[in-house]
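Okay, structure first, notes after.
Note that ligands are numbered from 1 as they come in the structure, with each ligand's atoms numbered from 1 the same way. None of the values given here were measured: they were computed from a predicted structure.
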Amino acid sequence: MDHAADAYRTDLMTITRFVLNEQSKYPESRGDFSILLSHIVLGCKFVCSAVNKAGLAKLIGLAGETNVQGEEQKKLDVLSNEVFVKALVSSGRTCILVSEEDEEATFVEHSKRGKYCVVFDPLDGSSNIDCGVSIGTIFGIYLVKDGAEPTVGDVLKPGKNMVAAGYCMYGSSCTLVLSSGSGVNGFTLDPSLGEFILTHPDIRIPKKGKIYSVNEGNAKNWDEPTRKYVERCKFPQDGSSPKSLRYIGSMVADVHRTLLYGGIFMYPADKKSPNGKLRVLYEVFPMSFLMEQAGGQAFTGNIRALDLVPTKIHQRSPVFLGSYDDVEEIKALYAAQEGKA
Ligand SMILES: O=P(O)(O)OC[C@H]1O[C@](O)(COP(=O)(O)O)[C@@H](O)[C@@H]1O
């Protein structure tokens, strides 16, 4: 084995090479998608470096402003939002941007406009930012009909209309997980190369898992199906072993673990939050798109999550997503409640 040559692994599958290969399957898109994605990847690298040095660079703590959700913005929330808005506009491939941090949708000026709408949560897991626990960026991409004047109606579409979705997790390593509609692939940032390398090809979620993930602190306000399902996770009636509880409190991190290990992640509705907490466009939809592409499923407590048609850009929805069989179980409990069983 020629170790010297091995050091220069120029045959590595970088995300750029991967997307260009994917792109060649869609000659009509004239490379626009890979150009857009390369700008999203650049944004992730910037935010990853800012998160890594947050404590050193005084990027910890509050920015002193409040966002449309009424949440106090963290300095890193504001920085990440600026990074992604700049990266997406400078790609010259976007026309509408919807960010968790901006009240209104951003319409890109004509001269810099392209045909993609990007919905994104620039930094998800705010409650974990200042204690260095894994956080992430979530994004979803819609396509506007050629030549059409973009309107906010172009993003108030079912999640199944998305052409791509992904997240980047800033944790012990920086991992970008992406789907453009033909499977899910994971890439890990090699800091020495500054390149995302394909490390998790064709991710398939196990059909059934041993983990459930939910904020049990809300249990007293849950509805019957959710209460029953969590009870079964702890005290299975079919002689199987109880599931383990894992809850990080950053959707990106909890969903990433669920995608790789299997199981179910839930943010149900409850008396306090009748529509749950998570936002449809830039949290529920991208994660549901990835889950389905990996062989899992996503449910709102009522319908398939990707069939939802949002009416507001910051709309919230309950969500149950993960391994196919685990989500089937909670769907059956909701169906029973509606007397459909
Ligand atoms: O603290 P709770 O109520 O369990 O909520 C945690 C959930 O809220 C979120 O932090 C919401 O996202 P933001 O941090 O982007 O507002 C998710 O990442 C996470 O799954």
Would you check if there is a donor-acceptor pair between the side chains of [Y] and [X] at a distance under 3.5 Å?
X	Y	value
Ser273	Tyr267	no
Thr226	Asp223	yes
Asp202	Asn185	no

Task: Aromatic ring proximity, centroids under 6.0 angstrom, Tyr334 and Phe320 - done: yes
TODO: Evaluate the criterion side-chain hydrogen bond (donor to acceptor under 3.5 Å, both in side chains) for residue pair Lys228 and Gln337; output intermediate values, then yes/no.
DONE: CA-CA 11 Å; Lys228 263 201 186 141; Gln337 175 180 262; over 6 Å; no
Polar pairs, ligand 1 vs protein, N/O only, below 3.5 Å.
from	atom 1	to	atom 2	distance (Å)
ligand 1	3 (O)	Tyr267	OH	2.6
ligand 1	4 (O)	Asn215	ND2	2.8
ligand 1	4 (O)	Tyr247	OH	2.6
ligand 1	5 (O)	Lys277	NZ	3.0
ligand 1	8 (O)	Lys277	NZ	3.1
ligand 1	12 (O)	Asp124	OD1	3.0
ligand 1	12 (O)	Arg279	NH2	3.4
ligand 1	12 (O)	Glu283	OE2	3.1
ligand 1	14 (O)	Gly125	N	2.9
ligand 1	14 (O)	Ser126	N	2.7
ligand 1	14 (O)	Ser126	OG	2.9
ligand 1	15 (O)	Glu100	OE1	3.2
ligand 1	15 (O)	Glu100	OE2	3.3
ligand 1	15 (O)	Asp121	OD2	2.9
ligand 1	15 (O)	Asp124	OD1	3.4
ligand 1	16 (O)	Glu71	OE2	3.4
ligand 1	16 (O)	Glu100	OE2	2.9
ligand 1	16 (O)	Arg279	NH2	3.0
ligand 1	18 (O)	Asp124	OD1	2.7
ligand 1	18 (O)	Asp124	OD2	3.0
ligand 1	18 (O)	Met251	N	2.7
ligand 1	20 (O)	Met251	N	3.3

- [ ] Provide the full list of salt bridge (charged side-chain N to carboxylate O under 4.0 Å, His left out) pairs with a residue in residues 237-255, sequence neighbours left out, each pair given once.
- [x] Lys243-Asp326, Asp254-Arg257
